[in-house]
Amino acid sequence: MDPEIHNPTKFFIRIEFKDKNADDIKREGWIAWERSRINRQDDPVEVLVGGTKDRLLDLIRFERAAQGLDPGNRQLLAQKAEFFSRLPTAPGANLSLTDVVQHPLAAELRLAPEEVLDVIAGAQRLKMAVRGWVAERHLKDTLARTAGITYCQPINKEGAADLHVRFEEGPLLTIECKNVLRETDSKGLPRLDFQRTRASKADPCSRYYSQDDFDVVAACLHAVTESWEFRYILPNYLPQHGKCEGKLASNLRVDHNWQSDPTAVFRAAANARNS
DNA sequence: CCCCATCGTTGCGCCTGCAT
DNA sequence: ATGCAGGCGCAACGATGGGG
């Protein structure tokens, strides 16, 4: 069965299939078929996979590779057993998974995954934009591995902070993730362009952040150090904006006030929230 | 009342031009 | 030479309001 179609699983599931399917499984050892749904045309098509018991590990390998695939690609992959079979790959068949199963985005764009990467690499502005979300992804991975972090998910909403994080049993904290600029200042300190893309027409100060827009700011140093490392700070440690009352300055330096260990910063942020 | 076009706002940071 | 303010390319989304 397709795990994604039955996620979440509220009850025990019973499925039925034809004797013919069972015969095919015994004979072939491994087959995939489309589940027939009489009078249920509106439901999504589900691709079932059957194998003999010695193929259990193949089934796990297959479901790993097939997670989230649409039914067509799921069936296509299921029929290419050489990609997850216990048997050695046939001589000469030097294919990779991506040759058979396109990432959904690559399929939508009608490009090979490598071609999508070429497009990104070839468009300066696009690459720049992607780097922002990649930094966010690395931050999520970094925090997820950090002791004490019990929850860590992207927020993915316009106008909101980037990441939701919970430290131990504390409140849900919002994290703003920003890449530093490529060029450091004259003292070698990384610079952080800390403002929104544009201000609203009515209020020029709306371009700047204020202290309570998020609980923690994370600066990604990759543009300077070429390593996906982060520095953390509480917004109330940041300098005030010179002109806009209650806003934070937009030209920041990642200096000694920024911590490389997130733990103390998150603990302080949680305390600030609770008080 | 529904459909739509339009406007305003936002996400990525980087870049230019002016002030010092 | 350096710092800072503010504009920029591209594209998506939500609110708004006019037309039928």
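Source: prediction; values computed, not measured. Chain letters run A, B, ... following the sequence lines, proteins first and then strands; every chain starts at 1. Below, all heavy atoms of this structure are taken into account, side chains as well, without hydrogens, waters or symmetry copies.
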Nearest-Å distance for atom pair [atom1]/[atom2], residues [X] and [N]:
| X | N | atom1 | atom2 | answer |
| --- | --- | --- | --- | --- |
| A:L252 | C:dG3 | CG | C1' | 14 Å |
| A:K243 | B:dA19 | NZ | C1' | 12 Å |
| A:R191 | C:dA5 | CZ | P | 12 Å |
| A:R137 | B:dC12 | CZ | C1' | 18 Å |
| A:L189 | C:dG3 | CG | C1' | 14 Å |
| A:N251 | B:dA19 | CG | P | 17 Å |
| A:L126 | B:dC12 | CG | P | 15 Å |

Have a look at A:R253 and say if it touches a base, only the backbone sugar-phosphate, or nothing, with a 4.0 Å heavy-atom cut-off.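 Touches sugar-phosphate only.
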
A:Q240 side chain reached by A:Q211 side chain, heavy atoms, under 4.5 Å: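 Answer yes - side chains close enough.
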
In terms of the angle between their ring planes, are A:F214 and A:F194 parallel, tilted or perpendicular, with boundaries placed at 30° and 60°?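 Because their plane-to-plane angle is over 60°, the rings of A:F214 and A:F194 count as perpendicular.
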
Taking the six-membered ring for Trp, are A:F266 and A:F167 parallel (under 30°), tilted (30 to 60°) or perpendicular (over 60°)?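 Judged by the thresholds at 30° and 60°, the geometry between A:F266 and A:F167 is tilted.
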
Using a strict SG to SG cutoff of under 2.5 Å, would you count A:C205 and A:C244 as disulfide-linked?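 Correct, these two cysteines form a disulfide.
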
I'd like a list of close polar pairs between nucleotides 13-16 of chain B and the protein, N/O only, cut-off under 3.5 Å.
unit_1, atom_1, unit_2, atom_2, d
B:dG13, OP1, A:N179, ND2, 2.8
B:dG13, O6, A:R207, NH2, 3.2
B:dG13, N2, A:R125, NH2, 3.0
B:dC14, OP1, A:R131, NH2, 3.2
B:dC14, N4, A:D193, OD2, 2.9

Is the backbone N or O of A:K26 less than 3.5 Å from a side-chain atom of A:T52, with the two atoms forming a donor-acceptor pair by type?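 No; zero donor-acceptor contacts below 3.5 Å.
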
Is there a side-chain contact between A:Y208 and the phosphate of C:dG6, meaning an N or O under 4.0 Å from OP1 or OP2?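 Yes, such a contact exists.
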
With sequence neighbours excluded, what pairs up with A:E168 under the salt bridge (charged side-chain N to carboxylate O under 4.0 Å, His left out) test?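 A:E168 satisfies salt bridge (charged side-chain N to carboxylate O under 4.0 Å, His left out) with A:R267 only.
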
